[in-house]
Number of protein chains: 2
Amino acid sequence: MDNLAAPAENRPYHHGDLRRALVAAARRILENEGPAALSLRAVAREAGVSPAAPYHHFKDKNELLEAVAHEGWEALDAAMTKARADAKTPRERMTALGVGYVYFARDNPALYRVMYDRSRDKDALPDHMNKSPDSAYCQVRDTILERTSGDAPTDIDVELSTIAAWCAAHGLAEMSGFKQFTALKEALGGEEAFLRAVLEHLGMFARVNAD
Amino acid sequence: MDNLAAPAENRPYHHGDLRRALVAAARRILENEGPAALSLRAVAREAGVSPAAPYHHFKDKNELLEAVAHEGWEALDAAMTKARADAKTPRERMTALGVGYVYFARDNPALYRVMYDRSRDKDALPDHMNKSPDSAYCQVRDTILERTSGDAPTDIDVELSTIAAWCAAHGLAEMSGFKQFTALKEALGGEEAFLRAVLEHLGMFARVNAD
DNA sequence: GGCGTTATCTGAACGCTGTCAAGATGATCT
DNA sequence: AGATCATCTTGACAGCGTTCAGATAACGCC
């Protein structure tokens, strides 16, 4: 979340850790000026090196953006962990995951956009999603399992529930800021009430089994 | 869907209908070469005019893309109308809307991306969504109302249902092509079965009231 | 019909971009 | 100390969005 140190003045000829510095510079530009300003040359400028320097650490711009996206997914993993830790019951944890997901997207809009732009280009979520137990995906799956009672659900059921929840959260994350919804938000009592209402409506919290 | 005539050879100095031709050229490039190839200069080339010609019809590239997106939303309206017409019961209509929406995104991926990229920049869906009764949004709302029985739901309930369904469909549309889901798709019996399962799971068809 | 006005289109230019090849620099290893 | 090798810079290229002066022709008015 914060290897974002300012660019070093009086830098020696060899930077030392340019790769990390470039990713940090890219994230700084994303936060301060938005995705449109994120050119490879601007990143190099921000890091205080020449426009060609990044090519010694990344094959092309795309590869740099993938490193940025990777940090984004890790930050999302952390946000999900935190959201889950703050809630007491399984049901509350599920709610917290959904709301936390949307808040993450709202608070890091440019980063979130880079993350999904890369994913759409590859037609896949990052690989670690399926594997690392701390990944956001696995945390959603585990939280769904926590809430399961009675007969053990099939793997297919669990995966379906996880994917459905993820689609709902992503759709809401991309659209919850749209102006069309401001009236409804107020009618429901604010941003968070709106998010909870939509997520509840989508059955995110009432599936697989009971409470 | 098809004002996409080939570029006119031996064109006179004044084109006659360059504005329409430019939008058509842009859609042709989107379909054939994808969103990355959609430069203003490429559109002008495709239309057979100089790089500066578009500026007499559009303020900038963004305005051209908005015209393209506008045609995209109209095409989506038409797809929703068709999906609804092909189904008999209200419940089937709702299913058909969801599946049809995702298919539209799958069949016009570049166009769909332009549509939502513009929307995110404006933080709003197109204006006509709220107004024109043929708009995709109003068709979803009306189909939800069709299925309502018993006490009349409040406006808030209806709007919430509509938005929730839209978020679910959009999320699924953006992610259904991801490689992570291929195994589940096969396990469920193919693409459409997968889409139906996720949409059903999201309660898209079981809310507001009964059948 | 002829003429001026105006919309439309071209050509050339500017600064920006991503990328690459050739050369400068300096850390590391022997 | 000297050679090697990764790292960084300089300079270049094509392509981009955009602007501006000038060419072209359609249109309205006499």
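Letters A, B, ... are given to chains in the order of the sequence lines, protein chains preceding strands, and every chain is numbered from 1. All heavy atoms count here, side chains included; hydrogens, waters and symmetry mates do not.
- Applying the side-chain contact (heavy atoms from CB on, under 4.5 Å) rule to Glu74(B) yields the partners His70(B); only residues at least two apart in sequence or on another chain are considered.
- Proximity of a side-chain donor or acceptor of Glu174(A) to a complementary backbone N or O of Gly171(B) within less than 3.5 Å is not detected.
- Taking atom CG of residue Asn62(A) and atom C1' of nucleotide dG18(C), one finds them 12 Å apart after rounding to whole Å.
- Per the geometry, CZ belonging to Arg41(B) stands 16 Å off P belonging to dC16(C), to the nearest Å.
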Pairs under 3.5 angstrom only: tabulate donor-acceptor contacts from the side chains of residues 181-193 of chain A to other protein residues two or more places apart or in another chain.
residue: Thr182(A); atom: OG1; partner: Lys179(A); partner atom: O; Å: 2.9
residue: Lys185(A); atom: NZ; partner: Ser176(A); partner atom: O; Å: 2.8
residue: Lys185(A); atom: NZ; partner: Glu191(A); partner atom: OE1; Å: 3.4
residue: Glu192(A); atom: OE1; partner: Tyr103(A); partner atom: OH; Å: 3.3
residue: Glu192(A); atom: OE2; partner: Arg196(A); partner atom: NE; Å: 3.1
residue: Glu192(A); atom: OE2; partner: Arg196(A); partner atom: NH2; Å: 3.1

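- Computed from coordinates, the Asp17(B) CG to dA26(D) C1' distance equals 15 Å when rounded to whole Å.
- Not one side-chain nitrogen or oxygen of Arg45(A) sits closer than 4.0 Å to the OP1 or OP2 atom of dC16(C).
- A straight line from CD of Glu33(A) to P of dC16(C) spans 14 Å, rounded to a whole angstrom.
- The shortest distance between the side-chain N/O atoms of Ser50(A) and the OP1/OP2 oxygens of dC8(D) is not below 4.0 Å.
- Remark: Asp60(A) pairs with no residue by the salt bridge (charged side-chain N to carboxylate O under 4.0 Å, His left out) rule, at least two apart or across chains.
- Partners of His170(A) according to the ring pair (Phe, Tyr, Trp, His ring centres under 6.0 Å) rule, which considers only residues two or more places apart in sequence or in another chain, are Tyr112(A), Tyr116(A).
- In this structure Pro126(B) satisfies the side-chain contact (heavy atoms from CB on, under 4.5 Å) test together with Trp73(B), Ser119(B), His128(B), Met129(B), sequence neighbours excluded.
- Taking every side-chain heavy atom of Leu18(B) into account, dC9(C) is the closest of dG18(C), dC8(D), dC9(C).
- Remark: His56(A), His57(A) in residues 54-61 of chain A come within less than 4.0 Å of DNA chain D through at least one heavy atom.
- The Ala52(B) side chain lies nearest to dT10(C) when the options are dG17(D), dT17(C), dT10(C).
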